[in-house]
Amino acid sequence: MNVRILMACNVYSLPDCKSVLYHPDVGTANLHQCGMGKIVVSAAGDLTSHTTTADGYIVVNKLKTTNGTITLEVPQNSVGDDFLRRWARWARSTASPNRIALGTLTIYDAVAGFTVVCTGVSLQKVPDRTFDRTGTNLTYTLLATTITEQ
C-alpha cells in the first residue's frame, strides 16, 4: 500500500521581500539590496473600539486611522545606513517643512503576494551610534501618515 502524506506549510523568505524607500529630495534606496536586517510596520491606531451605553448596550465604532511607524534595521555603514544618514542631514539642514513628509516606502512580499505602501513618510529619529569592535545593525524610526496593504 502506497501512502502519501501531504504536509501544508507556510513559507517565508526575507530575500523574497522587495523594499524601496524614496524621497524626491533625497533619492531612492533599494533596501532589499543592502543587507536589510528587519522592517517593522506598526499601525498607530485601532481599527475599532467599543463603547458601553448607560443601559448596557455595546456600540461598535469603526475608526479610520491610517498612520503609523516604521522601524528599519540596517547594517552599520551599509548603503541603507548611508541613505538614511543623508536623509537625516537633509532634514536637519535644508528641508522646508512642507517637504519633510514626502517619502514613500513600498514593501512587496512575493511569497505572500501582497504589497504594503507607506506614504507621507518622514524620518522621526536617527539611531544611537555604537562604536564597537564588531559591526552592528542600526535602528531608524520613520513616521507614515498612511499605511495601506494591497
Side-chain angles (χ1 to χ4, degrees), residues 4-51 58-132 134-150:
R4 283 190 183 172
I5 298 175
L6 298 176
M7 294 176 45
C9 62
N10 293 327
V11 177
Y12 174 79
S13 170
L14 184 60
D16 290 323
C17 290
K18 307 299 181 212
S19 53
V20 178
L21 185 57
Y22 168 76
H23 191 286
D25 296 337
V26 183
T28 302
N30 294 305
L31 299 174
H32 58 279
Q33 294 177 342
C34 68
M36 174 56 65
K38 184 181 353 181
I39 302 173
V40 178
V41 178
S42 303
D46 297 330
L47 294 175
T48 63
S49 71
H50 291 184
T51 304
I58 304 298
V59 177
V60 178
N61 306 293
K62 180 180 178 187
L63 306 174
K64 184 169 174 44
T65 56
T66 60
N67 65 313
T69 59
I70 304 154
T71 306
L72 299 176
E73 188 179 289
V74 297
Q76 180 178 343
N77 297 327
S78 67
V79 173
D81 179 32
D82 180 59
F83 175 81
L84 290 160
R85 279 187 284 126
R86 188 166 14 109
W87 190 347
R89 284 192 303 273
W90 170 84
R92 281 191 180 121
S93 63
T94 60
S96 63
N98 63 342
R99 299 199 59 82
I100 289 286
L102 294 179
T104 60
L105 173 66
T106 304
I107 306 165
Y108 173 63
D109 184 341
V111 173
F114 68 86
T115 302
V116 174
V117 178
C118 305
T119 58
V121 175
S122 62
L123 188 59
Q124 180 185 28
K125 169 184 181 323
V126 294
D128 299 334
R129 286 282 165 191
T130 302
F131 300 94
D132 196 358
T134 60
T136 185
N137 285 341
L138 300 174
T139 303
Y140 286 85
T141 304
L142 295 91
L143 301 174
T145 59
T146 304
I147 300 171
T148 57
E149 186 175 312
Q150 304 166 351

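All residue numbers in this chain count up from 1 along the given sequence.
To the nearest 0.5 Å, atoms CZ (Arg86) and CG (Asp82) are separated by 5.5 Å. To the nearest 0.5 Å, atoms OG1 (Thr119) and CG (Leu102) are separated by 10.5 Å. Atom CD in Gln150 sits 12.0 Å away from atom OH in Tyr108 (nearest 0.5 Å). Put simply, CG on Leu105 and OH on Tyr22 are 14.0 Å apart, with the number rounded to the nearest 0.5 Å. In this structure, Lys18 NZ and Leu31 CG are separated by 12.0 Å, a value rounded to the nearest 0.5 Å. The distance from atom CZ of Arg89 to atom CG of Leu123, rounded to the nearest 0.5 Å, is 11.5 Å.
A 4.5 Å side-chain heavy-atom check between Asp81 and Tyr140 finds at least one atom pair inside the cut-off. In this structure, the side chains of Thr146 and Thr148 come closer than 4.5 Å at one or more pairs of heavy atoms. Contact of the Leu143 side chain with the Val121 side chain is not registered, since no non-hydrogen atoms from C-beta on lie closer than 4.5 Å. A heavy-atom distance below 4.5 Å is found between the side chains of Leu21 and Leu72.
Minimum interatomic distance between Gly80 and Val74 (heavy atoms only, all atoms of both residues): C-CG2, 4.4 Å. A pairwise comparison of heavy atoms in Pro127 and Leu138 identifies CG-CB, 3.9 Å as the closest pair. The two residues Gly68 and Ile147 have their closest heavy-atom pair at CA-CD1, 3.7 Å. The nearest pair of heavy atoms linking Ser122 to Trp87 is CA-CZ2, 4.2 Å. Contact record, Arg85 with Asn77: NH2-OD1, 4.1 Å, taken as the closest heavy-atom pair.
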> Where do Lys62 and Asp46 land on the side chain to side chain contact (heavy atoms under 4.5 Å, CB included) test, with the steps shown first?
Replying inline: CA-CA 9 Å; Lys62 180 180 178 187; Asp46 297 330; over 6 Å; no
> Stepwise, does the side chain to side chain contact (heavy atoms under 4.5 Å, CB included) test hold for Asp128 with Thr139?
Replying inline: CA-CA 8 Å; Asp128 299 334; Thr139 303; over 6 Å; no
>> Before you tell me yes or no, could you show the steps for Val20 and Thr28 under side chain to side chain contact (heavy atoms under 4.5 Å, CB included), namely the whole-Å CA-CA distance, both residues' side-chain angles and the distance that decides it to 0.1 Å?
In response: CA-CA 7 Å; Val20 178; Thr28 302; 3.6 Å; yes
>> With side chain to side chain contact (heavy atoms under 4.5 Å, CB included) as the criterion, how do Thr106 and Thr115 come out once you've worked through the C-alpha distance, each side chain's angles and the decisive distance to 0.1 Å?
In response: CA-CA 7 Å; Thr106 304; Thr115 302; 3.7 Å; yes
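Looking at Asn30, its side chain never comes within 3.5 Å of a backbone N or O of Gln33 through a donor-acceptor pair. A donor-acceptor contact shorter than 3.5 Å is absent between the side chain of His32 and the backbone of Cys17. Side chain of Thr66 to main chain of Thr145: a donor-acceptor pair is present (N/O by atom type, distance under 3.5 Å, no hydrogens or angles).
More than 12 heavy atoms of other residues, nucleotides or ligands shown are found within 6.0 angstrom of CD1 on Ile58. More than 12 heavy atoms of other residues, nucleotides or ligands shown are found within 6.0 angstrom of CZ on Arg129.
Under the 3.5 Å distance criterion, with hydrogens and angles disregarded, a donor-acceptor pair is assigned to the side chains of Asn61 and Ser49. Between Asn137 and Glu73, the side chains place a donor N or O and an acceptor N or O closer than 3.5 Å (distance only, hydrogens not considered).
Across Ile70, Asn67, Ile39, a single residue satisfies side chain to side chain contact (heavy atoms under 4.5 Å, CB included) together with Cys118, and that is Ile70.
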